[in-house]
Number of protein chains: 2
Amino acid sequence: MQDGSRHDEPRLGAGLRRPRLLSVEKNMTTGKHLDRRSVAGPTVTRADVRDAALTLFALRGFHGTSLKQVAQAVELRTPSLYNHIDSKADLLQDIVLTTLVEVNDEFEQALAFDEDPRGQLERATHIYVLHHAVHRREALVVNQDTQHLPEPFLSEAQALRRRHERRFRQVIAEGVDAGQFEVPSAKLASFAVREMCVSVARWFDAAGPLSATDVADTYTLHALRLVGAR
Amino acid sequence: MQDGSRHDEPRLGAGLRRPRLLSVEKNMTTGKHLDRRSVAGPTVTRADVRDAALTLFALRGFHGTSLKQVAQAVELRTPSLYNHIDSKADLLQDIVLTTLVEVNDEFEQALAFDEDPRGQLERATHIYVLHHAVHRREALVVNQDTQHLPEPFLSEAQALRRRHERRFRQVIAEGVDAGQFEVPSAKLASFAVREMCVSVARWFDAAGPLSATDVADTYTLHALRLVGAR
DNA sequence: CCTACCGATCGGTAGG
DNA sequence: CCTACCGATCGGTAGG
């Protein structure tokens, strides 16, 4: 990888994947931009714009990122972004809601695997950590910027979040009822476990000594201990 | 309390203490603002401005808050804020650095109380949770907006954070060495415990059924279990 | 995909 | 403490 742009660095605020830079450069003779459609190579897609926004939103926050910066990252002029998006909020909505739906889907799949609360907590925690390690940028944007979604998307996002919360707590409560777990409060235990997992996105480094699976394994142990699993 | 403005509501994004509204109103006859210095009652202080900024930054983020909003919250015009502050970033710096110094001080006091790693972890966790429940707004701003500090304050804030991280991990490592704790990784355990505590600021409700001390007690148990305390 | 341009708002200053 | 005002930048549109 010649420019190293796919290399994840360790520090938050500097360690996120950088947006793809196209090889088409400004024409130094005329000062004009080449028409991308007239040269070889791919055109910018909505996915490219989304990816650039994802990186920048994760790094600087939604309100700390301008569309000009997004445009620069994909080597377009700001108005050209509107060929791919409806608005700045549209980008945020796409990122946040897609991510929350994915998290809920993964969660339900984890639960469906077996009916034992201990097994369910193990799988749900593992996949949740894995998600936050692998999809760091998405997780950071969801955590930082969900509040900035316009309605009705804010309500939709909050509903998805609450669903995950409720189902997670339910698993712990069922474990308590089954005599497998023992906690002062299923609610506080679920809050603690979930936030512990979420925070992995803030420091995880794919280039570091620990793989996402390593971290997920350890955090699953943390969760089992926290709920007093026998 | 007549206007209920000190009442903390449960939901994040709506439940933070609202800034103090002074009783001096716009003169409805002339449309002009009364000179606060010529009437009875307190003048706006820097502390008032800081408090209003604290609430708004916690609610909408640093870049999501305008100085006009801060000014409105203390019933001033925007330029008048500059009698109390040097810049918008000045407000953020005050909030973030003061909070981080306090957290470190509280932490060191907790450690000084005894030399037993288990006792140290208990006290450090307890005070850390308590801080995040009692100073929700400060904690939210530190977590959301530290990244937006200009240098050299950003570096200073990061150093204070790393110090807390390092010392916290040290306590866990010492507990492991003493045979009191058992963890796969002192680093991951300290990350997990700290972030679990920090997240309390996101949902704690002073008007809810659980007191800050209740939550701190439960989270201290979570921490002890997580590190495998005997 | 671009250039040209829009009104609104931003943080901040001058001057009283 | 205010009014008046500054240049810069914002998200977004018109029109090709």
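Numbers restart at 1 for each chain; the letters A, B, ... are given by sequence-line order, proteins then strands. These numbers were taken from a predicted model, which means no experiment stands behind them.
Here the P atom of nucleotide C:dG12 and the CD1 atom of B:Ile85 are 7 Å apart, to the nearest Å. If you measure from atom CD of B:Glu75 to atom C1' of D:dC1, you get 14 Å, rounded to the nearest angstrom. Protein atom NE2 of B:His148 is 16 Å distant from nucleotide atom C1' of C:dG11, rounded to whole Å. Look at CD on A:Gln69: it is 11 Å from P on D:dT9, rounded to the nearest Å. Atoms CG (A:Leu56) and C1' (D:dG11) sit 16 Å apart, rounded to a whole Å. What separates CG of B:Leu81 from P of C:dC10 is a distance of 13 Å, to the nearest Å. The nearest whole Å value for the distance from the CG atom in A:Asp90 to the C1' atom in D:dG12 is 13 Å.
Checked for salt-bridge contact, B:Glu108 and B:Arg167 meet the test: a charged N lies under 4.0 Å from a carboxylate O. Residues B:Arg46 and B:Asp90 are paired through a salt bridge, judged by an N-O separation under 4.0 Å between the basic side chain and the carboxylate. B:Asp205 has no carboxylate O lying under 4.0 Å from a charged side-chain N of B:Arg136, or vice versa, which leaves the two without a salt bridge.
Comparing D:dG12, C:dG11, C:dT13 by their closest approach to the side chain of B:Pro79 singles out C:dT13. Residue A:Tyr82 has its side chain nearest to D:dG12 when only C:dC1, D:dC1, D:dG12 are considered.
Using bins of under 30°, 30° to 60° and over 60° for the plane-to-plane angle, the ring pair A:His132/A:Tyr128 lands in the perpendicular bin.
Projected onto DNA chain D by closest heavy-atom contact, B:His84 and A:Ser87 fall at different nucleotides, the more 5' of which corresponds to B:His84. Take the nearest nucleotide of DNA chain D for A:Lys68 and for A:Asn83: the residue whose nucleotide is more 5' is A:Lys68.
C:dA8 is paired with D:dT9 under the criterion used here, namely a Watson-Crick or G-U wobble arrangement in which both key atom distances are under 3.5 Å. The base-pairing partner of C:dG15, taking Watson-Crick or G-U wobble contacts with both distances under 3.5 Å, is D:dC2.
Proximity of B:His63 to the phosphate of D:dC10: no side-chain N or O atom is located under 4.0 Å from OP1 or OP2. Proximity of A:Arg77 to the phosphate of C:dT3: a side-chain N or O atom is located under 4.0 Å from OP1 or OP2. The side chain of B:Ser66 places no N or O atom within less than 4.0 Å of a non-bridging phosphate oxygen (OP1 or OP2) of C:dT9.
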Does the pair A:Ser80 and A:Asn83 meet the rule for a side-chain hydrogen bond (donor to acceptor under 3.5 Å, both in side chains), with working shown? CA-CA 6 Å; A:Ser80 302; A:Asn83 292 310; 4.7 Å; no
